[in-house]
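The block underneath contains the structure these notes are about, expressed in structure tokens.
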Amino acid sequence: MVVPSATTPARQETVALLLPPPSPAIPTVDMSAPRGRGALSRQVARVCAEQGFFRAVNHGVPMPAGPAARLDAATSAFFALPAHDKQRAGPPSPLGYGCRSIGFNGDVGELEYLLLHANPAAVAHRAASINTSDPSRFSSVVNEYVEAVKQLACDILDLLGEGLGLKDPRFFSKLITETDSDSLLRINHYPPSCTIHKLDHDDKCKLKRIARTKAGNGGNPTVVGGRIGFGEHSDPQILSLLRANDVDGLQVLLPDVEGKDGWVQVPADSSAFFVNVGDLLQALTNGLLVSVRHRVIATACRPRLSTIYFAAPPLHARISALPEMVTAGTPRRYRSFTWAEYKKAMYSLRLSHSRLELFHVD
Ligand code: AKG
């Protein structure tokens, strides 16, 4: 089977014209708690309720010479291999190596990726097809990174538990530290794209129309002529921790000052983690925290490498709104379900589907 290479150049020119401006609206959370733990936990709870997304700085995961740098070196070496070598780790089942195709329902993006189960035994099993010369070194680099980001995810979830005033503030972090937790690690590699896009006559006409109608478009960017790196979606798990090199591309759908949603460009910051609330956290908090929709639009002249840790509970974990989140004024919004049930529903749907709607109490 011939799998297309994500690095094959095609059409030429940039689409920067179509991007929304970088926004100052991305909240930043200083994890070193300069104003004390109480203030930090309230801030984390507030941004997760208002935006579902924030940039974590001073997070304690060493960057330049630590596990993140070692993982980036190992995964960059993998993506630099010839296509037929990479295909030994695919096709994605959904785990493994994938190129362009995302999921099982026809979604595509301009990227290649590795999707790994974060459990050390699963990493060891997969490593043999990813790094044939030294699989055990590859496993240890992945496991070391997973341990570091899992710790950060637990810290953030504990802060959330405290900020929300939960009876058991460690409730969320316990879900992701179970030995059979279903957390994943995804490494995405987006090829350079400024050499890929040439605007044809139709695109240029569309651009003119967009410029004329922008005021009536709510200020939202239009992806006409742009390349979808990773299509619009929310993450299904509890919490995602994303780290990327210094190449832009990530956009999030945030409420603007007038309360309307708009796509916002997230300026790259290779020293930070970008944290987003997943669908399960929205369900556990009865909709108080919001699972943010996001996407990647590839426009840069350099490759983007991003690594996302998706913190998830075990498959059998039952997800229902915590009692303290259900009140007379905020009745239960979602019926109870297991993570396995939710995953099954997710795999039957397109990437952009608002899956939680399927579990809404009528
Ligand atoms: C995902 O893999 O779920 C993403 O949202 C990708 C984000 C990125 O690669 O920057």
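Counting starts at 1 for both ligands and their atoms, following the listed order.
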Worksheet item: Just which atoms of ligand 1 are under 4.0 Å from any heavy atom in H294?
Response: 5 (O)
Worksheet item: Charged N to carboxylate O below 4.0 Å: is that the case for K174 and D168?
Response: yes
Discussion item. Looking at every non-hydrogen atom in both residues, tell me the closest pair between P191 and L111 and how far apart they are.
Written reply: CD-CA, 4.2 Å
Worksheet item: Relative to the heavy atoms of D235, which atoms of ligand 1 are at a distance of less than 4.0 Å?
Response: 3 (O)
Practice prompt. State the atoms of ligand 1, each with its element, that fall below the 4.0 Å cut-off from a heavy-atom position in Y190.
Written response: 6 (C), 7 (C), 8 (C), 9 (O)
Item to complete: Hey, can you tell me if W339 and Y342 have their rings parallel, tilted or perpendicular (30° and 60° cut-offs)?
Response: parallel
Worksheet item: When you look for heavy atoms under 4.0 Å from ligand 1, do you find them on the side chain of I308, its backbone, both, or neither?
Response: side chain
Worksheet item: Using the ring of each side chain (for Trp, its six-membered ring), is Y97 parallel, tilted or perpendicular to F79, with breaks at 30° and 60°?
Response: tilted
Practice prompt. For S306, take its heavy atoms, then give the atoms of ligand 1 lying under 4.0 Å from any of them.
Written response: 8 (C), 9 (O), 10 (O)
Discussion item. Tell me the protein heavy atom at minimum distance from atom 3 (O) of ligand 1, and give that distance in Å.
Written reply: H233 NE2, 3.0 Å
Item to complete: Would you verify whether the NZ or CZ of R186 falls within 45 degrees of the ring axis of Y113 while also being under 6.0 Å from that six-membered ring's centre?
Response: yes
Worksheet item: So Y334 and F359, ring-ring contact (aromatic ring centres under 6.0 Å, His included) or not? Walk me through it.
Response: CA-CA 5 Å; Y334 310 104; F359 296 85; 8.5 Å; no
Worksheet item: Quick one: which ligand 1 atoms are inside 4.0 Å of a heavy atom on L242?
Response: 7 (C), 8 (C), 10 (O)
Worksheet item: Numbering the atoms of ligand 1 from 1, which are under 4.0 Å from a heavy atom of R186?
Response: 2 (O)
Worksheet item: Of V296, V266, I102, which has the heavy atom at the shortest distance from atom 7 (C) of ligand 1?
Response: V296
Response to the item:
ligand 1 atoms nearer than 4.0 angstrom to some heavy atom of R304 are 8 (C), 10 (O)
Discussion item. If the contact criterion is a heavy-atom separation under 4.0 Å, does R295 count as touching ligand 1?
Written reply: no
Worksheet item: Side-chain donor-acceptor pair under 3.5 Å between N143 and E147, yes or no?
Response: no
Fill in: Salt-bridge criterion met for R100 and E112 (N-O under 4.0 Å)
no
Discussion item. Please confirm whether F310 approaches ligand 1 to less than 4.0 Å, judged on its heavy atoms.
Written reply: yes
Discussion item. Could you tell me if S133 and N131 have a donor-acceptor pair between their side chains, going purely by distance under 3.5 Å?
Written reply: yes
Practice prompt. If you have a sec, work out which protein heavy atom is nearest atom 6 (C) of ligand 1 and how many Å separate them, to one decimal?
Written response: N188 ND2, 3.3 Å
